[in-house]
Structure formats: C-alpha cells, structure tokens
Amino acid sequence: MNVIETRLPGIGVRREIVTGSGRRVGIVAQRDGDLDLIISKASDPDACVASIPLTPDEAATIGNLLGSRQLVAQLTEEHRDLPGVSTRQFLIERGSPFDGRPLADTRMRSRSGASLVAVLRSGQVQASPTPDFTLTAGDLLVVVGTSEGLDAAADILRNG
Amino acid sequence: MHTTALTLIELGAILLFLGILGRLAGRIGLSPIPLYLIGGLFFGQGGFIELEGVLDFSEVASEIGIVLLLLMLGLEYTAKELVTGLRQSWLAGIVDFVLNFTPGALVAVVLGWGPVAALVMGGVTYISSSGIAAKVIGDLGRLGNRETPTVLAILVFEDLAMAIYLPVLTAVLAGLSFAGGLGTVGISLLVVTLVLVIALRWGNIVSAVVDSTDREVFLLTLIGAALLVAGLASALQVSAAVGAFLLGIAISGATAENAARVLEPLRDLFAAIFFVVFGLNTDPSSIPPVLGVALLLAVVTSATKIATGWWAAGRQGIGRMGRARAGTALVARGEFSIVIAGLAVTSGAVLPELAALATTYVLLMAVLGPVLARLAEPGMELAERLSSRRLRTVPTAEST
C-alpha cells in the first residue's frame, strides 16, 4: 500500500492513502501531538468532507478497530474446525479496572476458560502477550473461547 | 499621582481592555489584530483618552513583541522545511512577490511619498499574515486539503523573503549610502546563509545549548538569547527581527516545540502591546483622508493574492474549487505588515500618513481575509451556477 507523505511546514505531516474508490483517507499529525483523521470529498477530491480531531487514545483505538478485522478473520478461519469455539474482541476502556495493570491480574484463563491470543495497540499486534504485559486504555484484546467463556471474560474485563 | 502608580493603572486598563476585545474577537471568530489596532487608536494621541505614563514601558514592550513574534515564526520551521519549501515554491513565491509588492509600491509613488515609502508600502501589501492564514486553514478543517501545502509553501517563501527584505529595509530607513546599504545587505545575506547551514548541520547542538528541563531556566535562556541576538543584529544594522527569526530557525526538534509552547503566551501578550503601540502612535483623525486609497488597495491586493493562489494551486493540478480556496486563504494581511510599517514609522524616514494608510489597510485586510476564505466555496458554487446558466443559452446560439 502506497502511503503518501506530505510535509505541512509549520503544522506537521500529512500521511494518506488513495483508496480504490478514489478517495483520500489519512491523518494529519500536528506538531503539538494532535491528530486529525481526514477523508476527502467525493465531489471535490482536493477538499475534505471531514477533518476530525482525535486524541492519541482515540486514534489508537480506531487503528485497532481497523487493524483487528484481518486478525480476527484469520483466527476465526483457524478455529472453523472446532465447533463452539469463536473469537471476540474486547476494548480496554478508560477507567477500566485493568487500565495500567498487568495481564496476570485478570486471571482470565482460570476464571473463564477463554484465552487471550493477541492485543492490538496503536495498530500494532502483540501476539500471545505474556502475563506481565501491562494493559492500557485503548488496547483491543482478541480472545478465543466458547461463547459462555467469552461472556465470562467480558464480565471480568468490565467489572474486574 | 505617583508615576509608577499611573503607569500601572494605565497598563492595567489597556491590558484589560485588550482582554475584552480579544474575547469579542474570539466570539465572532475574527483575528484579534484589527481590534488591538482599534484599541490603540482609541487610547492614543488624538483618541478619546491620552495616556502618558505607559509610553516608555510600552515602547520597549512592543520591541520585545516584534522579537518574540519573529522568534516564534522561526521556531515553527525547521531549516529543512525552509530549504525544501524554497525549492518547491520559488516560482510561485516570485509571482506572489511581483503581483503583491507592486500595488503598494505604486500607490506610494502615485501619492508622491517617494521611493523609501514605496519600498515600505510594497512590503505591507506583499506579505500575507501567516498567523491568520494558518488559523483560517485549521478552523475551516482544511489541513487535509490538497491545496494546503501550496498555500503553506507560499507562506514559507514569504517568511524567508522577510529575512532578506527586513535588513534591506532597515538599511534604507537608516539612510545609509548605497555602498553602506549594499554592505549591510551583504552581511545579512551572509548571516542568513550561515545560520541556515548551522541549523541544517548542527541544529541539535544549538538546541542542546538552549535546552533545559527546568522551565524557568529554559525561559530565561531562550528570551535572553533572543534579545541578545536581536540586539546584536540591530547593532550591526541588520534588523533585530531577522536576528530573532534566525535564532528560531537554528533551534530545532523537541527543543523548538517546547520553546514554542512556553513562549506562546508571552508572545501573545507582547505582540498585543506591539499592535496597541502602533495604534497609539497613529492619530485617528489621519485615517479618513486615506480611507479611499486603503479601500482601493484592499480590493486590488485581494484580487492579486487570489490570482497568486489560483495560479500556484493550478500548477499543482488542483481543481477550480481548491484554487479558489488557496487564493482566498492568502488574502489576509496582519502582523508583518504592521511590523514593516512600525519599523518605517519609528525610523522617521516616512510620512506619518503612511502609518495611517498601513493601519487602515491592515484593519480592512485582517477582517476581509478570513471572510473571503469562508466565502470561497459558496462563491464559486454561485459563480458556476451562473456560468452554467449562461452556457445553456450559448449552444442554441451556436447551433443556428
């Protein structure tokens, strides 16, 4: 995929891709750390239909949401032969009981039987995280298990 | 009354008044610069209230205002951005200069103000307000637009042009002989080149010298260095403002970002005083006689800036709508037009009418710029609708 990088002197950098439908989608990374999600107009490709300011947390979460599909699809494919086993994603929200705590504190495996196979953070995949891996708000957890196990895991992550 | 008490009371009243004006400007989505100028006119000589006690302080404060304004401008760019910007935009930059310097210079010549005033007025109409333009682009959500880099490249070129223009101007205003003036310009060009090279090669060393984790130490080092460099530049007859600008460029990376963050409120404070002092020194009764000329100049230089942006964006393959946006984004004139006029007026080398014309012109352009930028899209849509209606009648005429 061809990422076009344009320097905006005095403001920051714009990175964007041109999609198959001819739209420009990308981000403007401003000097002061602010990020804007930009999507070009269909009628006027020079202009933007939206320029949405995002906090670093929000940007990381959107990156995770966009990046997780492929990973989840791949895992679901791998578990297709195991009836009753599925893959689900959970977001560590700001104020979650595990925000800033190591993965071991959730004791998810022993309490729900579901297992955490990957964490998506800032669009990066951390496969098979170790128990000392520290969770933070915005992390997207990819969990595999039975549907009861996944419900239990959701409850653990939400309520501690 | 005790003079210190008087100074404090007057300064307090002015700042408070500016605060109210600034809030008003924010409410209606305008740049506060025209309101600060009006505030100065209100307080100053010939205005409603004459202030005496505050003048000494405000003169120095306004000098500091210019230094901080230019230092911050330098901090916004890295030397690399300047060099690549220059390479990409030099042609557009030259078109911009010719189209927009000429109207101001011409008006000064026609009014019989002489060549020095022509040099000053040309500068006043040439330089767009990068502050207002950047704010308009951000406010209207155009950071992601394809024409935005073109607009920014032109602004970068203008700011670099200032680094050459200001020393020339100070040399001319000081009434140096041709040879002396040439020497000054030579020195400043040499210094500009030297600083760019140092910033490109050893910017991190300069940054490391200035940098400190302690906020207080950092601020003192930064402002101390800026005033020292500005003062030395001024003593060498190179403009103080250029010295500060170059120091800003030499500071790079994380240090520059931190510096911009700690200096911003100070810059806003002292720059506001600078605009007020400029207004204070302008007699409001001198404005009506130049109003007609200022209006004419406003119309002509809006058109020339729009033409500049239209042409420059077109060269980058931008569509009609984007070309209109690029043109109107450049229309606003502001801080640097006043810096130029301020240098000229304090030197005493030009007529006081020039200050009145420059003030009136910037008052018009600082308001007109953002308004035109906002109207670019609806205006183009209207124009296209009108022309398509006309086109619909044309084929029938042609088919006969």
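Throughout, a chain's letter reflects where its sequence line sits, starting with A, and its residues are numbered from 1. The figures here come from the full heavy-atom set of this structure, side chains too, leaving out hydrogens, waters and symmetry mates. What you see is a predicted model; the values in this text were computed from it and never measured.
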More than 12 heavy atoms of other residues, nucleotides or ligands under 6.0 Å from [atom1] of [X]: is that the case?
{"X": "A/Arg111", "atom1": "CZ", "answer": "yes"}
{"X": "A/Lys41", "atom1": "NZ", "answer": "yes"}
{"X": "A/Arg7", "atom1": "CZ", "answer": "no"}
{"X": "A/Glu93", "atom1": "CD", "answer": "no"}
{"X": "B/Arg320", "atom1": "CZ", "answer": "no"}

- Query: side-chain contact (heavy atoms from CB on, under 4.5 Å) with B/Arg146: which of A/Cys48, A/Pro45, A/Ser40?
  - Reply: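 Only match with B/Arg146 under side-chain contact (heavy atoms from CB on, under 4.5 Å): A/Pro45.
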- Task: Let me know which of A/Val28, A/Ile27, A/Ile38 forms a side-chain contact (heavy atoms from CB on, under 4.5 Å) with B/Leu143.
- Result: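 The passing option is A/Val28.
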- Message: For the backbone of B/Gly319 and the side chain of A/Asp46, can you confirm whether one donor and one acceptor N or O come within less than 3.5 Å of each other?
- Response: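 Yes, because the side chain of A/Asp46 sits within donor-acceptor range (under 3.5 Å) of the backbone of B/Gly319.
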- Could you tell me whether the side chain of A/Arg24 and the main chain of B/Asn145 form a donor-acceptor pair under 3.5 Å?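 It does not hold such a pair.
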- Nearest heavy atoms of A/Leu8 and B/Pro149, plus distance in Å: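 It is CD2-CG, 3.7 Å.
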- Given a strict heavy-atom distance threshold of 4.5 Å, which part of B/Arg325 is in contact with chain A: side chain, backbone, both, or neither?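 Looking at B/Arg325, just its side chain touches chain A.
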